Amino acid sequence: MQKNNYYPFFFPVHSYNTQQSHILLKEYGRNVQLMVKNLMAIEDSEKRKQQAALLVELMKMLIQPNASKDVNIDINNKVWDDLYIISGFKLDVEGPFPKPDPKKIWAKPDKMRYAYAMPKLKHYGKNVEYLINKIKKMEPGEDKDNAVIYAGRLMKNFYQFYSKDTLDDKVIKEQLEFLSGKELTVDLDKVRNENLFETTAKDRKVQNGSFPNNSINNGIPLVQRPQNKMHNNNNNNNLRRRRRK
């Protein structure tokens with residue numbers, strides 16, 4: 001092969017990383033892996049031990065910024081274990097720590113088992129069932145009755161997201177009894193008269209036009225409440241338009 005006139009020597013042929021051996025521990029890089037390979041080739045055991053100690057100090061410098069964040073880790077023990085791992089557990093050096101067990105290092109963790117339980121009614125999910133079970137354990141009284149109403153209101157809200165059809169409160173009552181094993185129930189007439197299952201406070205009013213809590217409207221029925229100024233102005237404007245026509 002004829003040499004190039006511009007270059008008096010040939011450049012060495014470099015191999016790509018994809019053609020080289022796999023890096024066992026990427027935090028140390030390929031150069032440390034090559035150092036470990038050269039370390040294993042040293043025949044003198046005492047010299048090999050000294051070089052291993054120097055290489056451990058170099059490896060500590062490479063991972064010290066990240067390892068120092070975890071106060072529970074022993075950096076010296078970790079680096080010596082990593083040194084044995086990089087050598088494929090073939091390095092014949094007596095370190096200050098026992099050699100790690102390859103079976104424990106490469107052992108696969110146990111498969112995690114997730115808690116899986118199908119809800120009785122999918123559109124409510126498991127959280128509504130957990131809430132109903134909590135209410136069942138409450139002592140009888142006003143707090144328990146309010147909690148049952150809250151659960152029914154929450155169920156109606158979830159059902160409206162699940163289906164856009166008009167929902168009767170009787171369906172919520174039946175499904176509440178089903179989820180609670182017939183331990184919880186409500187007075188359907190009271191729920192309908194006071195709209196207790198409505199999701200907004202504005203809709204939770206009795207049919208006679210006043211809210212159950214008279215403090216909200218001072219006891220005045222909605223049909224008799226005085227109109228505001230803006231409403232009066234709109235009425236006056238409508239009368240003027242009619243006169244003009």
Side-chain angles (χ1 to χ4, degrees), residues 1-4 6-138 154 158 179:
M1 181 182 295
Q2 185 178 2
K3 294 184 178 180
N4 194 323
Y6 296 98
Y7 300 99
F9 55 89
F10 289 104
F11 289 103
V13 178
H14 295 283
S15 60
Y16 294 99
N17 289 335
T18 55
Q19 299 174 346
Q20 300 184 25
S21 60
H22 178 68
I23 301 177
L24 295 177
L25 297 179
K26 295 182 179 180
E27 58 266 29
Y28 298 106
R30 189 176 301 278
N31 291 332
V32 172
Q33 186 162 314
L34 293 175
M35 292 179 185
V36 175
K37 184 178 180 181
N38 295 331
L39 179 64
M40 296 170 58
I42 299 176
E43 297 180 358
D44 188 358
S45 60
E46 191 64 28
K47 184 178 179 181
R48 187 169 58 247
K49 184 176 181 181
Q50 294 177 359
Q51 295 296 327
L54 293 175
L55 184 55
V56 165
E57 294 298 325
L58 176 62
M59 294 169 63
K60 287 169 58 177
M61 294 174 59
L62 294 175
I63 66 168
Q64 189 69 33
N66 296 328
S68 60
K69 296 179 181 179
D70 192 352
V71 296
N72 297 324
I73 191 172
D74 186 358
I75 184 67
N76 295 314
N77 194 354
K78 171 181 169 51
V79 173
W80 276 99
D81 289 348
D82 293 344
L83 180 63
Y84 290 119
I85 293 172
I86 295 174
S87 67
F89 303 95
K90 297 178 181 179
L91 180 62
D92 186 12
V93 172
E94 292 295 332
F97 304 97
K99 293 183 180 181
D101 188 1
K103 295 182 180 179
K104 294 182 179 180
I105 296 295
W106 305 119
K108 294 183 178 180
D110 296 334
K111 186 176 180 180
M112 182 177 293
R113 300 185 180 275
Y114 294 95
Y116 181 78
M118 196 68 179
K120 296 179 181 178
L121 298 175
K122 291 193 296 184
H123 48 279
Y124 295 135
K126 294 297 295 183
N127 289 334
V128 173
E129 295 183 18
Y130 294 150
L131 175 64
I132 292 176
N133 292 332
K134 288 286 186 181
I135 298 175
K136 288 165 57 177
K137 298 177 182 178
M138 296 176 61
L154 186 64
F158 285 177
L179 293 177

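Nothing here was measured: the structure is a model prediction, and the numbers come from that model.
- Rounding to the nearest 0.5 Å places CG of L154 at 6.5 Å from CG of L131.
- Not a single donor-acceptor pair under 3.5 Å links the side chain of E129 to the backbone N or O of P119.
- Here K78 pairs with D82 in a salt bridge; the nearest charged N to carboxylate O distance falls below 4.0 Å.
- The heavy-atom pair separating L83 from M59 by the smallest distance is N-CE, 4.0 Å.
- Residues that satisfy the salt bridge (Lys or Arg N to Asp or Glu O under 4.0 Å) test with E57, not counting sequence neighbours, are K60.
- Residues P96 and W80 come closest through the heavy atom pair CD-CE2, 3.4 Å.
- Between the CZ atom in F158 and the CG atom in L121 there is a gap of 13.0 Å [rounded to 0.5 Å].
- Taking a 6.0 Å sphere around NZ of K47, one finds it holds 12 or fewer heavy atoms contributed by other residues, nucleotides or ligands.
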*Give the intermediate values and the outcome of side-chain contact (heavy atoms from CB on, under 4.5 Å) for residues V36 and Y28.*
CA-CA 11 Å; V36 175; Y28 298 106; over 6 Å; no
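- Taking CG from N76 and CZ from F97, the interatomic distance works out to 5.0 Å, rounded to the nearest 0.5 Å.
- Interatomic distance, K37 NZ to I86 CD1, rounded to the nearest 0.5 Å: 14.0 Å.
- Across every non-hydrogen atom of D92 and K99, the tightest pair is CA-NZ, 4.5 Å.
- Expressed to the nearest 0.5 Å, how far CG of N127 lies from OH of Y130 amounts to 7.5 Å.
- A donor-acceptor pair is defined here as one N or O able to donate and one able to accept, closer than 3.5 Å; such a pair exists between the side chain of Q33 and the backbone of H22.
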*asked:* For a side-chain contact (heavy atoms from CB on, under 4.5 Å) check, start with the C-alpha distance between F89 and I105, then their side-chain angles and the critical distance, and finish with the verdict.
replied: CA-CA 11 Å; F89 303 95; I105 296 295; 4.1 Å; yes
*For I75 and I63, run side-chain contact (heavy atoms from CB on, under 4.5 Å): C-alpha distance rounded to whole Å, both residues' side-chain angles, the deciding distance at 0.1 Å, then the answer.*
CA-CA 9 Å; I75 184 67; I63 66 168; 3.6 Å; yes
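- The number of heavy-atom neighbours closer than 6.0 Å to NZ of K136, taken from other residues, nucleotides and ligands shown, is above 12.
- In this structure, CG on L91 lies 9.5 Å from CD1 on I42, to the nearest 0.5 angstrom.
- When atom types are taken as modelled, the side chain of R48 and the backbone of V93 share no donor-acceptor pair closer than 3.5 angstrom.
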